[in-house]
**Student:** 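The structure is given below, and queries will be raised subsequently.
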Amino acid sequence: MSSAFTKSAARNIFYGGAVFFFLLLVGLSFDTMQTLPKRDNRENLSESAIRGKHIWETRNCIGCHTLLGEGAYFAPELGNVYTRRGPEFIKAWIQSQPTGVPGRRQMPNFNLTDAQLNDLVEFFKYTAGIDTAKWPPNVEG
Amino acid sequence: MKLATALWVLLLILTALTTQSAVIAAGFLVPFVLVMTYIKGQVVIDHFMGLRHATSRLRWIVPAWLLVVVGGIAYTFTLS
Amino acid sequence: MNIAATLPASHDQPRTLPGDLAIWFFIFAELLVFGVFFLAYAFARARNVELFDASQLQLDRISGAINTALLISSSYFVVRAVDRIRHGASHACAGWLVAAMTLGGAFLVLKLTEFAGKFAAGITMSTNTFFMFYIGLGFFHFMHVVLGMIILGWVAHKAWRGGYSAANHAGVETGASYWHMVDLVWIVLFPLIYVMH
Amino acid sequence: MKYQSQAVAKPYFIAAIGLFLGQILFGLIMGLQYVVGDYLFPAIPFNVARMVHTNLLIVWLLFGFMGAAYYLIPEEAERELFSPKLALAMFWIFLVAGAATILGYLLVPYATLAEMTGNNILATMGREFLEQPLPTKVGIVIVALAMLFNLSMTVLKGRKTAINLVLLLGLWGLAIFFLFSFYNPANLVKDKFYWWWVVHLWVEGVWELIMGAMLAFVLIKVTGVDREVIEKWLYIIIAMALISGLIGTGHHYYWIGTPEYWQWWGSVFSAMEPIPFFMMTLFAFNMVNRRRREHPNQAAVLWALGTGVMAFLGAGVWGFLHTLAPVNFYTHGSQITAAHGHMAFYGAYALVVLTMISYTMPILRGREANSRKAQVVEMWAFWLMTIAMVFITLFLTAAGILQIWLQRIAAEPMGFMAAQDQVALFYWMREITGLVFFTGLVLYIVSFFIKGEEARAS
C-alpha cells in the first residue's frame with residue numbers, strides 16, 4: 001500500500017509553514033526593536049553623524065569597504081576605524097587620496113570640506129559605539 | 001482503547017514522578033528524569049502517533065530522534 | 001463495543017505512516033529544529049551551570065507539570081478521536097477533538113500567565129542565555145500549540161460535517177500526527193528546562 | 001509555442017544574456033583591480049565597477065525571471081497573456097531605465113548622480129545592491145506591478161496550477177519585499193536590519209519560489225513525468241526553503257548591533273537551509289531518471305540538473321560552511337562571503353534562468369530543440385562556466401581562509417592591506433579562471449548562431 005501523499009496536503013503545509021515562520025520572524029523582529037535601544041548607540045546618533053551617514057552613502061563607500069562586515073571586501077573594515085585610527089588620521093587619509101602608488105589599490109578623492117570630514121568622522125564614531133557582540137575579532141577588522 | 005487509556009494514566013504518573021523527583025537526591029535526579037522522559041516519549045511515539053504499527057521506511061526517524069536528543073542531553077550532564 | 005473495535009485497526013491491515021506523508025516532512029523538520037535547540041540548550045548549560053541552575057529556580061515547576069499533563073491528556077483525546085472516526089463516528093470524533101483543543105487552550109492560558117509573570121519581572125530573551133532558551137523555545141513551542149489547535153479545529157469542523165468516514169479519514173490522522181509531535185516535544189522540553197539541574 | 005503572446009519572453013531573454021555578458025566583463029575588471037590596484041583608475045574606480053557588476057546581475061536575473069514568467073504563465077494558465085502590449089512596453093521601460101542607470105554609474109560621480117535624482121528628497125542610495133537612484137527604484141516597482149497585474153489577470157482567467165501560483169507568489173513577494181529598499185533610517189542598525197528584508201528575503205526566500213517553479217516547469221516538459229508528482233514535491237521543497245530560510249535571516253543578525261539571541265536562532269535555522277537545496281537536487285535527478293520521454297533538447301536537461309547540483313553546492317554547502325555563529329565570527333566580511341556569493345548566485349539563479357532560456361529559446365525560434373551541433377556547443381559552454389565557477393569559488397575560499405588566518409587569528413594580526421598582499425596569488429588564479437568563465441559565456445552566445453538540422457526525440 002503506497003503512502004498517502006497528496007498535493008493538497010503538501011500545499012497546505014507550504015502555506016501554513018510559510019505564514020507560521022513569517023509570523024515568527026515578525027515576532028522576533030518586534031522583540032529586536034524593543035531591545036535595540038540598549039545596543040545600537042542611538043544616544044550618540046547626532047545630527048552630525050546623520051549627515052555623515054549621508055556622505056557615506058552618496059560616495060558609495062560600501063562599494064569598496066565593509067561596515068560592520070557588510071559591503072565589498074576590497075578595502076578595510078570601517079565599522080571600527082574610529083577605534084583603530086582615531087579622528088585625525090581618518091581625515092588626513094581621506095584628504096591625501098589617491099596615493100597614486102603604481103599598482104596599488106586606489107581610493108578616489110571626494111573633495112570633502114572640513115565640515116563634511118567632521119560629519120563623516122562623527123558617523124564612524126557613532127558606528128564604533130554599536131554593540132556588535134565583540135565583533136570583529138581584533139582591531140584590524 | 002483500553003491500552004491507550006492505561007498508557008495515558010501511566011504518562012500522567014510518570015509526569016508526576018518527574019516533577020516530584022526534583023526534591024530527591026541530586027546525583028540521582030538526572031538519570032531518573034531522563035529515563036522517565038525516554039519512556040514517555042517512546043510511549044507517545046509507539047502508541048499515540050501509532051508508529052509502532054507503521055510500515056514505512058521512514059518510521060525509524062522519530063524514535064531515533066528521541067534517542068539522540070535524550071542521549072545527547074545525558075552526555076552534556078556528564079561534562080559538568 | 002464489538003471485538004474489532006477493541007483491537008487497534010492497524011492489526012487488520014499493514015499501514016504506512018499515519019496520515020499524509022506531507023505532514024511527516026513538516027514533522028521531521030520541526031523535530032530537527034527542536035532537537036538542535038534542545039542539544040544547544042544542553043551544551044550551553046554545561047558551559048554555564050551556575051547561571052542555568054540559578055535561573056531555573058525562578059521557574060514555576062508546578063505550572064510546567066500541569067501543562068505537561070494537559071498536553072498528554074489532549075494527545076490521548078486525539079487518540080480517542082482517531083479511534084472514533086475509524087468506526088465512522090463523525091460526531092464523536094469531533095467531540096474528542098474539541099475536548100483536546102480545550103486542553104490545548106488551557107495550556108496556552110497557563111503558559112501566558114507564566115510568561116506575563118516573567119515579563120513583569122523585566123525578564124526578556126536578552127536577560128541571559130537561560131532565559132533566551134526558556135522564553136524563545138517556550139514561545140516557539142507556544143506557537144506550535146496554536147498552529148496545532150488551528151489544524152485540529154479545521155479537522156474537527158470537517159469531521160462534524162461528515163467529511164471523513166471509516167474508510168477515508170487520512171485527514172484526521174494527519175492532524176493527529178502533528179498534535180502528537182507538539183506533545184512529544186513538550187515531553188522533552190519540560191524536564192530539560194524546568195526540572196533537570 | 002502554444003500561445004502567440006509567449007513570444008514577449010524573447011526580448012527579455014536576449015536582454016538578460018546581453019546584460020550577463022556585461023556583468024562578467026565588469027567582473028573581470030574588478031578581479032584585475034584586486035591585484036593591479038590602479039587598473040583603469042580613475043576612469044572606473046573599483047566601487048563603480050562593483051556597482052555595475054552586482055546591479056547588472058540583479059537586473060539580468062530580473063529580466064530572466066520576467067521573461068520566464070511571461071512564457072510560463074500563459075502556458076500553464078492555458079490562455080493568452082492578458083496584455084502582450086503591456087509586457088512589451090514594460091520591457092522597453094525596464095531596459096531603458098536599466099541602461100540609463102548603468103550609464104549614470106559610469107559617467108557621473110555617484111554623489112552628483114544622487115543629487116540629480118532626488119536622493120535628498122528620499123535618501124535610499126549608497127547601500128550595497130540597492131545603489132539605484134530613486135527614479136530607478138520607483139521604476140522597478142512600476143515595472144514589477146505592471147507585470148504582476150498582467151500575470152495575475154492571466155492566471156485569474158485561466159487554469160491555476162501549482163506552478164503558476166507558486167511563481168506568481170514568488171514574484172509578488174519579490175515586489176513587496178523590494179519596498180523595504182525605500183526605508184533607510186539614520187540608525188545604522190535598523191538600516192541594516194531591514195536592508196536584509198530585501199536582500200535575504202529575496203535570495204533565500206521568495207526567489208527560491210520563483211526558482212522552484214521554473215525548475216518544476218522545465219522538468220515536467222523535458223521528462224514527461226506526471227504533473228501531480230512534480231507539483232507536490234515542489235510544494236514540499238519550497239515549504240522547507242521558507243521554514244529554514246525565513247528565520248535563517250538571523251544569520252545576518254550576529255554582529256550588526258542586533259540582540260545576541262540571533263546567534264542561536266540564525267545558526268539553528270540556517271543550518272537547515274541546505275536541506276531544501278539537497279531535496280531539489282534529488283528531485284531533479286529523480287525526475288530525469290523517471291522520465292517518460294527522451295526530449296530532443298538535451299542541453300536543457302543538463303542545465304536543469306546543473307541547477308540542482310550547483311545550487312546545493314553554492315547556496316547549501318558553501319552557505320553552511322560559514323553560517324554557524326562561532327565560525328561566522330571569524331569569516332564575516334571576508335573573501336569566504338565572496339566565494340559563497342559567487343557560487344550561490346551562479347548555481348541557483350543564473351543557472352535556473354539559463355535553464356529556462358535553454359528550454360524556451362528554441363521553441364520561441366520555431367523548433368522544439370536546436371541542432372545537435374548547437375547543443376554540443378551549448379553543453380561545452382555549460383561545463384566551462386560551471387567548472388570555472390567551481391574553481392573561482394575554491395580560490396576565493398582559499399584566499400578567505402588565509403586572509404582570516406593572517407588578519408584575525410594569528411598571534412600578530414596583520415593589517416587588511418598587508419594580508420591582501422599575501423593572498424594575491426589566489427586572486428590571480430581567480431582572474432585566470434574568470435577568463436575561462438568568460439570563454440564559456442562567449443561560447444554560449446555563439447551557440448545561438450549555430451545552425452544545422454533540428455534534433456529529434458530519439
Side-chain angles (χ1 to χ4, degrees), chain A residues 5-7 10-11 13-14 17-18 21-22 24-25 28-29 31-32 35-36 39-42 45 50 53-54 56-64 66-77 98 100 102-106 108 110 126-127 130-133 135-141, chain D residues 33-34 36-38 41-42 45-48 50-51 110-111 114 119 123 125-128 131 162 186-190 192-193 228 231-232 235-236 238-239 242-243 246-247 249-250 253-260 263 265 329-330 332-335 337-338 407-409 413-417:
Chain A
F5 181 20
T6 60
K7 191 164 80 182
R11 184 197 58 215
I13 280 164
F14 164 64
F21 282 93
F22 186 72
L24 184 61
L25 177 64
L28 287 169
S29 299
D31 183 84
T32 299
T35 316
L36 275 194
R39 303 181 61 91
D40 63 9
N41 196 25
R42 62 180 63 183
L45 188 55
I50 293 173
K53 181 169 187 273
H54 194 69
W56 163 270
E57 286 167 359
T58 51
R59 271 63 182 180
N60 192 31
C61 307
I62 203 90
C64 291
T66 47
L67 190 69
L68 305 185
E70 293 167 358
Y73 320 108
F74 188 70
E77 162 69 30
R104 296 294 290 177
R105 296 181 189 174
Q106 300 294 322
F110 294 104
Y126 150 72
T127 308
I130 293 171
D131 182 350
T132 56
W135 192 89
N138 65 51
V139 75
E140 295 299 344
Chain D
Q33 285 175 336
Y34 254 94
V36 185
D38 56 355
F41 189 88
F46 181 87
N47 65 337
V48 173
R50 183 180 197 263
M51 195 157 56
Y110 194 68
N119 194 55
M125 292 171 70
R127 294 174 303 150
E128 196 184 3
E131 296 94 345
N187 185 330
L188 185 67
V189 181
K190 275 191 186 175
K192 284 174 173 289
F193 189 88
E228 198 69 12
E231 287 190 336
K232 66 191 180 189
Y235 273 130
I236 292 292
I238 58 177
L242 292 190
I243 288 170
L246 285 171
I247 307 299
T249 317
Y253 296 159
Y254 298 160
W255 327 112
I256 60 167
T258 31
E260 285 168 41
Q263 292 178 26
W265 289 89
F329 182 67
Y330 293 100
H332 181 55
S334 70
Q335 292 296 326
T337 319
Q407 192 184 321
R408 291 179 175 169
I409 297 178
M414 253 182 207
F416 178 87
M417 276 314 298

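In what follows, chains are A, B, ... by sequence order, proteins preceding strands, each numbered from 1.
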**Student:** What option among A:Thr6, A:Leu67, A:Val139 has the most heavy-atom pairs under 4.5 Å with chain D?
**Tutor:**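 So the answer, after comparing A:Thr6, A:Leu67, A:Val139, is A:Leu67.
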**Student:** If you measure from CD1 on D:Ile243 to CD1 on A:Ile13, what distance do you get to the nearest 0.5 Å?
**Tutor:**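 So the gap between those two atoms works out to 8.0 Å.
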**Student:** Please look at A:Leu36 and chain D and tell me whether the side chain, the backbone, both or neither of the residue comes under 4.5 angstrom of a heavy atom of that chain.
**Tutor:**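 The side chain, not the backbone.
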**Student:** Out of A:Gly17, A:Ser29, A:Gly100, which one racks up the most heavy-atom pairs below 4.5 Å with chain D?
**Tutor:**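 Greatest number of close heavy-atom pairs with chain D: A:Ser29.
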**Student:** Among A:Pro98, A:Gly63, A:Pro102, A:Ala18, which has the most heavy-atom pairs under 4.5 Å with chain D?
**Tutor:**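 Highest number of pairs under 4.5 Å: A:Gly63.
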**Student:** Does the A:Glu57 side chain pair with the main chain of D:Arg127, one donor and one acceptor, at a distance under 3.5 Å?
**Tutor:**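 Absent.
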**Student:** With heavy-atom distances below 4.5 Å as the criterion, would you say the side chains of D:Leu188 and A:Tyr126 are in contact?
**Tutor:**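 Answer yes - side chains close enough.
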**Student:** Counting heavy-atom pairs under 4.5 Å to chain A, which of D:Gly126, D:Pro45, D:Ala338 comes out on top?
**Tutor:**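 When all of D:Gly126, D:Pro45, D:Ala338 are compared, D:Gly126 has the most.
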**Student:** First locate atom CH2 of D:Trp265, then atom OG1 of A:Thr32, and finally report the distance between them rounded to the nearest 0.5 Å.
**Tutor:**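 With rounding to 0.5 Å, CH2 (D:Trp265) is 11.0 Å from OG1 (A:Thr32).
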**Student:** Let's test your reading of the structure: which of A:Cys61, A:Pro136, A:Gly103 forms the most heavy-atom pairs below 4.5 Å with chain D?
**Tutor:**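 Of the candidates given, the most pairs with chain D belong to A:Gly103.
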**Student:** Considering only heavy atoms, which portion of D:Met51 lies under 4.5 Å from any heavy atom of chain A: side chain, backbone, both, or neither?
**Tutor:**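 The side chain, not the backbone.
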**Student:** Name the region of A:Asp31, side chain, backbone, both or neither, that has any atom closer than 4.5 Å to a heavy atom of chain D.
**Tutor:**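 For A:Asp31, backbone and side chain are both near chain D.
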**Student:** With a 4.5 angstrom heavy-atom cut-off, is it the side chain or the backbone of D:Ala114 that approaches chain A, or both, or neither?
**Tutor:**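 Interface part for D:Ala114: side chain.
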**Student:** Are the side chains of A:Asn60 and D:Arg50 in contact, using a 4.5 Å heavy-atom criterion?
**Tutor:**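 No, their side chains stay 4.5 Å or more apart.
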**Student:** Checking A:Asn138 against chain D: side chain, backbone, both or neither under 4.5 Å from a heavy atom?
**Tutor:**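 Side chain only.
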**Student:** Taking the side chain as every heavy atom from C-beta outward, state whether D:Phe193 and A:Asp40 have any pair of such atoms under 4.5 Å apart.
**Tutor:**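 D:Phe193 does not reach A:Asp40 side chain to side chain.
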**Student:** Contact between A:Leu45 and D:Asn187 at the side-chain level, heavy atoms closer than 4.5 Å - yes or no?
**Tutor:**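 Yes, their side chains come closer than 4.5 Å.
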**Student:** As an exercise, state the distance from CD of D:Glu128 to CD of A:Glu70, rounded to the nearest 0.5 Å.
**Tutor:**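 Answer rounded to 0.5 Å: 7.5 Å.
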**Student:** So which atom in A:Ile130 and which in D:Gly257 form the shortest heavy-atom distance, rounded to 0.1 Å?
**Tutor:**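 Residues A:Ile130 and D:Gly257, closest heavy atoms: CG2-CA, 3.6 Å.
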**Student:** To the nearest 0.5 angstrom, please state how far the CG atom of A:Asp131 sits from the CD1 atom of D:Ile256.
**Tutor:**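 Nearest 0.5 Å value for the CG-CD1 distance: 12.5 Å.
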**Student:** Quick check for you: among D:Ile409, D:Ile236, D:Val36, which has the greatest number of heavy-atom pairs under 4.5 Å with chain A?
**Tutor:**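 Counting heavy-atom pairs under 4.5 Å, the top option is D:Ile236.
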**Student:** Report which part of A:Leu28 has an atom under 4.5 Å of a heavy atom belonging to chain D: side chain, backbone, both, or neither.
**Tutor:**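 For A:Leu28, the contact with chain D is made by backbone and side chain together.
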**Student:** Residues two or more places apart in sequence or in another chain: which of them pass side chain to side chain contact (heavy atoms under 4.5 Å, CB included) with D:Tyr34?
**Tutor:**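 With neighbours one apart ignored, the set is A:Tyr73, A:Phe74, A:Arg105, D:Phe46, D:Gln335, D:Gln420, D:Tyr427, D:Arg430.
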**Student:** Determine yes or no for a side-chain-to-main-chain donor-acceptor pair under 3.5 angstrom, with A:His54 supplying the side chain and D:Ala186 the backbone.
**Tutor:**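 The answer is no, because no donor-acceptor pair under 3.5 Å joins these two groups.
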**Student:** Got more than 12 heavy atoms from elsewhere within 6.0 Å of OH, D:Tyr330?
**Tutor:**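 Check fails, neighbour count at 12 or below.
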**Student:** Do A:Arg39 and D:Val189 come within less than 4.5 Å of each other through their side chains, counting heavy atoms only?
**Tutor:**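 Sidechains of D:Val189 and A:Arg39: no contact.
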**Student:** Got A:Pro108 and D:Phe41 here, is their nearest side-chain heavy-atom distance under 4.5 Å?
**Tutor:**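 Counting from C-beta outward, A:Pro108 and D:Phe41 do come under 4.5 Å.
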**Student:** To the nearest 0.5 Å, tell me how far D:Glu260 CD sits from A:Thr132 OG1.
**Tutor:**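 Output value for this atom pair is 9.0 Å.
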**Student:** Sort out for me which of D:Gln33, D:Gln263, D:Glu131 touches chain A most, counting heavy-atom pairs under 4.5 Å.
**Tutor:**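 It is D:Gln33.
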**Student:** Rounded at 0.5 Å granularity, tell me how far CZ in D:Arg408 sits from CD in A:Glu77.
**Tutor:**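 Taking CZ in D:Arg408 and CD in A:Glu77, the distance rounds to 7.5 Å.
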**Student:** Indicate the atoms forming the closest heavy-atom contact of A:Thr58 with D:Tyr110, along with that distance.
**Tutor:**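 Minimum heavy-atom separation between A:Thr58 and D:Tyr110: O-CD2, 3.1 Å.
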**Student:** Counting heavy-atom pairs closer than 4.5 Å to chain A, which one of D:Ala162, D:Ala123, D:Ser334 comes out on top?
**Tutor:**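 The candidate making the most pairs under 4.5 Å is D:Ser334.
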**Student:** Give a yes or no answer on whether the side chain of A:Lys7 reaches the backbone of D:Tyr235 with a donor-acceptor pair at less than 3.5 Å.
**Tutor:**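 No; zero donor-acceptor contacts below 3.5 Å.
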**Student:** Answer with side chain, backbone, both or neither: which region of D:Thr249 has an atom nearer than 4.5 Å to a non-hydrogen atom of chain A?
**Tutor:**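 For D:Thr249, the contact with chain A is made by the side chain alone.
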**Student:** Using non-hydrogen atoms and a 4.5 Å limit, figure out which bit of D:Pro42 sits close to chain A: side chain, backbone, both or neither.
**Tutor:**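 No part of it gets close to chain A.
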**Student:** Flag the one option from D:Met414, D:His332, D:Glu228, D:Met125 with the top tally of heavy-atom pairs under 4.5 Å to chain A.
**Tutor:**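 Among D:Met414, D:His332, D:Glu228, D:Met125, the one with the most close pairs to chain A is D:His332.
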